[in-house]
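Predicted model, so just to flag it, every value in this text is computed and none were measured. Just the heavy atoms: all of them, side chains too, but no hydrogens, waters or symmetry mates, feed the values below.
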Amino acid sequence: MSDLEAPLRPKRKKIWVDYFVQFRWIIVIFVVLPISFTLYFLTYLGDVRSESKSFKQRQKEHDENVKKVVKRLKERNPSKDGLVCTARKPWIAVGMRNVDYKRARHFEVDLSAFRNIIEIDKERMIARVEPLVNMGQITRVTVPMNLALAVVAELDDLTVGGLINGYGIEGSSHIYGLFSDTVVAYEIVLADGRVVRATKDNEHSDLFYAIPWSQGTLGLLVSAEIKLIPIKEYMKLTYKPVVGNLKEVAQAYMDSFAPRDGDQDNPEKVPDFVETMIYSPTEAVCMTGKYASKEEAKKKGNVINSVGWWFKPWFYQHAEKALKKGEFVEYIPTRDYYHRHTRCLYWEGKLILPFGDQWWFRFLFGWLMPPKVSLLKATQGEAIRNYYHEMHVIQDMLVPLYKVGDALEWVHREMEVYPIWLCPHRMYKLPCKTMVYPEPGFELSRRQGDTQYAQMYTDVGVYYSPGPVLRGEVFDGTEAVRRMENWLIENHGFQPQYAVSELTEKNFWRMFDAGLYEHCRRKYGAVGTFMSVYYKSKKGRKTEKEVQEAEQAHLETAYAEVDQPAD
C-alpha cells in the first residue's frame, strides 16, 4: 500500500437512518426551505428598520439593552442558580457542534436585542456593531459605501459574536489575520455586572487578548469596534488549475499568494484574496482576487459574472470548470464574491439536496436557498445527529503553511474527503501568549509566507461525507476525529471549537494555551459564573451535577498536569 492509499475497509450494513438521510431532501424542500426563506425575509425587514434609525437612537437602545443585561446578572444568586449562559436556543447556533451544555440547569441572559450596527465611522475606519449582527447584514450596509470589514466570513448567517468568541476566517486573512485580529475594542459585561471597554493598550488589555476563542466564558460581549478597509466595486478573480500530487498542489497553493523571496507585505506581489479548492488527490483550482473599479470591470472584452443570482451555477462547481477550460479571469461584484459560498453552503448543499445544483432546480427554486443551518439542526433527532457525527466530517485544521502538504496527505489517508478548502491566515506574534499562537522561534527561521511579526497558517477545510461512507464501507468518524486532533497537537495545529471535538481536557489544554485565559477567568470573576471553555466545547450531554463538579475541578486541579503544546 502506497503512502497515499487509503486502508481497505469492510462493507457496512445499512440501517434505517441511512434511508432517512437519503430522503431527507423531502423535509428540506417542503419544510426547511420555505421556513428559511420566511425567516430570512423577516430578518431583512428587521435589518432595514434598524438601519433607518439615527445613530443617537441606536446608541440609546444599545445603552438601555446593556442596562438590562447588567440588571439580569445582578439578579443571579450564585448559591442557587446555575452558571450563566445566553438564552439563545441550542439549535440556533450555525456551527455543527451541538450546544449540549444548555441541557444542564443554567441562568439565562437574553442578548437577542443586540443585532444592530451602531455606527459606521468613516473617519476612524471603524464599524461599531452588536454581537448578533451577521455578515450579510453588514456587507449590505458597507459595500455601497465602498467599505468592508477587513475580514468578511463567507456565510451570511455568521455573526460578529460567534466569529470573535469562536473562529472566523476569509480569503483576506493572509493579510489581516483571523476575524478577531481585526477588532480594535470590545465592550464586555463582566460577571459582577461591570461594563468595560477592552483594547490592546488600556487597563483591560489582558482581557482584550483573552476574548478570542474563549466562547463567551469570560464575560458577555455586547459590542465590538472592528477595522474597516476601502474596497472597490468588483473583484478581479483569476482561476488557475493545478494538476499533480498533493504535495505539488500544496506548493502551487503557497506560490499563489506567498512570494518565494519573502516579500509578503508587497501589495504588487500579494493578492487581496486567496483560496484554493482541491477536487481530487491530483486536481485543484487556485483562485486569487484583486479589487477592481467599475470602470476596469466594464472595459470591452472583460467578463462580468454576478455569481450571487439564484440561478447561477454553484460557485465551487463553476470554479471547477478551470480544470477543463484552463486558466481564466472574470470580474465578480464585490458583495457577490464575499458571499460566494452561501447559497450552496460550500458543497454541503449537494448532500442536503442531491439535485439542488441542477439547472432546473436552480432556476425554479434557487431563490429559496440556502436552508438555514439552524433549521436543519432543529429537524434532526438524536439518531440523525449521531449519524452525522459518525458518517460526516465538518472540521477545520489550522496548520502552519509549510505543513499543508502533510495535512492534505493525512486527510486523504484517514478521511478521503473532497473537495477540500484551503485558506491562509496570519498567526500574529502578540505581546502575550494567547490560546492560539505561532510556533516558538518561527521568526528566526522564516519559511515561505512568514514575516517577522506573523507566521503564515492555513485552514484546511474538510467538509463532506468521507469516501468510505460514500462507498458504503465501515467508517468510524469519532476515531477519525480523535486521530486528527492528535495530529494537530503533534504539529502545532488548532481545531476551531465550532466543530465536534473528541478532545479530553488534558489534550484540549495541550492544543490550546491556558495561561492568559485562566488568568482572566480569575481576575474578572468568571470562575463560578461562566462555564469553562473546555467544558462548553466538550461533546455530549451535561447535567447540572456534571457542570458544578467540572467547575469545582476547574478551580482546584484542572491545570495541574497540563502539557505544553508540541513545538
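- In terms of the side chain to side chain contact (heavy atoms under 4.5 Å, CB included) criterion, residue partners of Asp357 (sequence neighbours excluded) are, by chain and number, Trp314, Gln317, Lys350.
- Residues that satisfy the salt bridge (Lys or Arg N to Asp or Glu O under 4.0 Å) test with Arg340, not counting sequence neighbours, are Glu154, Glu170, Glu275.
- For Asp476, there are no salt bridge (Lys or Arg N to Asp or Glu O under 4.0 Å) partners two or more places apart in sequence or in a different chain.
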Set out, in order, the CA-CA distance, both residues' side-chain angles and the distance that settles salt bridge (Lys or Arg N to Asp or Glu O under 4.0 Å) for Glu502 and Arg482, then state yes or no. CA-CA 6 Å; Glu502 301 291 341; Arg482 287 189 184 127; 3.8 Å; yes

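- Between the side chain of Thr529 and the main chain of Ala191, no donor-acceptor pair closer than 3.5 Å is present.
- Under 3.5 Å, the side chains of Gln251 and Asp255 contain a donor-acceptor pair of N or O atoms.
- Although no hydrogens or angles enter the test, the distance criterion places no donor-acceptor pair under 3.5 Å between the side chain of Lys247 and the main chain of Asp406.
- Pro424 meets the side chain to side chain contact (heavy atoms under 4.5 Å, CB included) test with His174, Tyr253, Phe257, Val274, Met456, Thr458; sequence neighbours excluded.
- Shown here are the ring pair (Phe, Tyr, Trp, His ring centres under 6.0 Å) partners of Tyr346, two or more places apart in sequence or in another chain: His341, Trp421, Tyr463.
- With respect to the salt-bridge test (charged N to carboxylate O, under 4.0 angstrom), the residues Lys372 and Asp157 qualify.
- Under the rule for a side-chain hydrogen bond (donor to acceptor under 3.5 Å, both in side chains), Thr288 has no partner lying at least two apart in sequence or in another chain.
- Here Pro212 pairs with Ser180, Tyr186 under the side chain to side chain contact (heavy atoms under 4.5 Å, CB included) rule; sequence neighbours left out.
- Judged as a side chain to side chain contact (heavy atoms under 4.5 Å, CB included), and not counting sequence neighbours, the contacts of Phe30 are Ile26.
- In this structure, Asn134 contributes its side chain and Gly136 its backbone to a donor-acceptor pair below 3.5 Å.
- When the ring pair (Phe, Tyr, Trp, His ring centres under 6.0 Å) test is applied to Tyr40, no partner is found at least two apart in sequence or on another chain.
- A donor-acceptor contact shorter than 3.5 Å links the side chain of Arg521 to the backbone of Phe530.
- In this model, a donor atom of one side chain and an acceptor atom of the other lie less than 3.5 Å apart for Thr342 and Asp156.
- With hydrogens and angles left out, the side-chain atoms of Ser173 and Tyr457 include no donor and acceptor closer than 3.5 Å.
- No side-chain N or O of Asn486 forms a donor-acceptor pair with one of Arg483 less than 3.5 Å apart.
- Under the salt bridge (Lys or Arg N to Asp or Glu O under 4.0 Å) criterion, Asp396 pairs with no residue at all, not counting sequence neighbours.
- With sequence neighbours left out, the ring pair (Phe, Tyr, Trp, His ring centres under 6.0 Å) criterion links Tyr402 to no other residue.
- In summary, the side chains of Asp459 and His425 do not present any donor paired with an acceptor at a separation below 3.5 Å, with no hydrogens or angles considered.
- For Glu108 and Thr86, the side-chain atoms include no donor-acceptor pair closer than 3.5 Å.
- Arg446 is linked by a salt bridge (Lys or Arg N to Asp or Glu O under 4.0 Å) to nothing, counting only residues two or more places apart in sequence or in another chain.
- Checked by atom type, the side-chain pair Glu485/Ser501 shows a donor-acceptor distance below 3.5 Å.
- Under the 3.5 Å distance criterion, with hydrogens and angles disregarded, no donor-acceptor pair is assigned to the side chains of Tyr464 and His392.
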